[in-house]
Amino acid sequence: MRIVFMGTPRVAALSLQRLLNSPHAVAGVVTQPDRPAGRGQKPAPSPVRAVAEKHGVAVLAPEKIRDPAFLDALTAWSPDVIVVVAYGRILPRQILELAPHGCLNVHYSLLPKYRGAAPVAWAVVNGEEKSGVTTMHLVEKMDAGPILLQRGIALTADETTASLQEKLAPLGADLLLETLAGIAAGTVTPKTQDEAAATYAPMIKKEDGVIDWSLPAAAIERRVRGFAPWPTAYTHFDGALLKIHRARVVESEKAPPGEVVRADRSGLWVAAGAGALALEEVQLENRKRVSSAEFLNGSRIEKGARLGPG
RNA sequence: CGCGGGGUGGAGCAGUCUGGUAGCUCGCAAGGCUCAUAACCUUGAGGUCCCGGGUUCAAAUCCCGGCCCCGCAA
């Protein structure tokens, strides 16, 4: 089939890569414009753009999705189907109805659960035992379109958003090709979503990473994994930002939430609302991430210290 | 030129403002102690203080240039 691909981040780039290696014809690619990124704020191309250019595929990166010149160009590519993977914008009806087969979307959850911008992170934060990928037709309501195919995967006990994404990206790429084949052969049947079972996974904000020490240790530990690699679960020590990259739930004597109950060679433990968290890998602002043992060697943190704002 | 912090024995850090014998915690080696230990005691090895210039009687420390790492931001 003749395909136009719309996507932006790394996970999407993998799907594009797989399409380019398939017999399908990728007529063009649409991605977000180069944005200032990294230190120095130099505009950097999106991962999808990088892959497209490497393969010499035409790329459009409109600032405004409704820009008439862009819509004309998109129409001129005359796709049979538009494949959308984490493009990063809500598409107007005009684009949804542009191709004969409409817009095919790869979503990284088992819909109707976790509709929205951050399905992977919230699945980890909520301690889900399984997640997966779904292909569906895009409709105007966010992630509410009829489901085409779905494939599940079990989460491991130490799953992070980063690790889960690594697993879901290739799964999604596989499912995408399978779905395209099914559409071409007429063997997939769209299935309406069960609205009553829908849940939402809103975009993660920087502030979501702030650790609330009054939560149960198990909940904090899940947030440590769910917010890796971004925004990272973090707190403050002595006025400085302290990121928690890895932690473990432990049993401990009662202490006010946020209080350091252990800071010696047996570990760095912090009291939570229920239980305590053994910090295993941390990172002080401006410094590298280090094991708690290394952190203890260089810092003067002691039992009784308080972590958190103020 | 987006803002800011940093590069000091194998690791993590202090010392730099107010130049003048290189320090802390840990690791490592040897010996000791203990039924035993991520235990403890003693001794020891190990450093071009990122690189290159400059100022000075003297530079980890002050000045100029460069390389690398990191936090914020996106």
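Proteins get letters first, then strands, A, B, ... in listed order; numbering begins at 1 in each. Everything numeric here is computed off the predicted structure, so don't read it as measured data.
Applying side chain to side chain donor-acceptor pair (under 3.5 Å) to A/T134 and the options A/Q150, A/R115, A/R151 leaves one that passes, A/Q150.
Across every strand in view, B/C33 sits unpaired, with no contact that passes the Watson-Crick or G-U test at under 3.5 angstrom. B/C26: Watson-Crick or G-U partner is B/G10, with both key distances under 3.5 Å. When both pairing distances are held under 3.5 Å, B/A60 makes no Watson-Crick or G-U pair with any nucleotide shown. Pairing for B/G2 is with B/C72, a Watson-Crick or G-U wobble pair whose two hydrogen-bonding atom distances lie under 3.5 Å.
Within 3.5 Å, no donor on the side chain of A/N297 pairs with an acceptor on the base of B/G27, nor the reverse.
Atom CD of A/E302 and atom C1' of B/C13 are 15 Å apart (whole Å). Atom C1' of nucleotide B/G71 and atom CD of A/Q283 are separated by 7 Å, given to the nearest angstrom. Across the protein-nucleic acid pair, A/D264 atom CG and B/A39 atom C1' stand 12 Å apart, rounded to whole Å. Put simply, CD on A/E281 is 14 Å from P on B/C70, counting in whole angstrom units. Between A/E294 atom CD and B/C69 atom C1' the separation is 15 Å, expressed in whole Å. Note: CZ (A/R262) to P (B/A38) measures 14 Å, nearest angstrom. Rounded to a whole Å, the CG atom of A/L296 is 12 Å from the P atom of B/C13. A/H236 has its NE2 atom 15 Å from the P atom of B/G71, to the nearest Å.
As rounded to the nearest Å, B/G53 and B/G15 have P atoms that lie 28 Å from one another. B/C24 and B/C62: their C1' atoms are spaced 26 Å apart (whole Å). Between B/C26 and B/C69, the two C1' atoms lie 22 Å apart (nearest whole Å). Going from the C1' atom of B/U25 to that of B/G65 covers 36 Å, rounded to whole Å. With both ends at atom C1', the span from B/C49 to B/A38 equals 31 Å, rounded to whole Å. Comparing the C1' positions of B/A11 and B/G4 gives an interatomic distance of 26 Å, to the nearest angstrom. The separation of B/A22 from B/C33, taken at their C1' atoms, amounts to 32 Å, rounded to a whole angstrom. Between the P atoms of B/G19 and B/C57, the separation comes to 15 Å (whole Å).
Base contact: A/R39 has a heavy atom under 4.0 Å from a base atom. Among the protein residues, A/R265 comes within range of the nucleic acid bases, having at least one heavy atom under 4.0 Å from a base atom. At a threshold of 4.0 angstrom between heavy atoms, the contacts of A/K42 with the nucleic acid are absent.
Looking at A/N105, its side chain does come within 3.5 Å of a backbone N or O of A/V84 through a donor-acceptor pair. Side chain of A/E128 to backbone of A/A123: no donor-acceptor contact under 3.5 angstrom is found. Not one N or O on the side chain of A/R10 forms a donor-acceptor pair closer than 3.5 Å with the backbone of A/E166.
In this model, the phosphate group of B/G71 is not approached by any side-chain N or O of A/R287 to a distance below 4.0 Å at OP1 or OP2. Taking side-chain N and O atoms only, A/K243 has a distance below 4.0 Å to OP1 or OP2 of B/C72. At B/G7, none of the side-chain N or O atoms of A/K288 fall inside 4.0 Å of OP1 or OP2 (strictly under the cut-off).
Ionic pairing of A/E140 and A/R93 is present here: one or more N-O contacts between side-chain nitrogen and carboxylate oxygen are shorter than 4.0 angstrom. The pair A/D158-A/R225 does not meet the salt-bridge criterion, since no charged nitrogen lies less than 4.0 angstrom from a carboxylate oxygen.
Among B/A14, B/A74, B/G5, the nucleotide with an atom closest to any side-chain atom of A/R300 is B/A14.
For the pair A/L284 and A/A37, nearest-nucleotide mapping onto RNA chain B gives the more 5' position to A/L284.
No cation-pi contact links A/K167 to A/Y108, judged by a cut-off of 6.0 Å to the six-membered ring centre and 45° from its axis.
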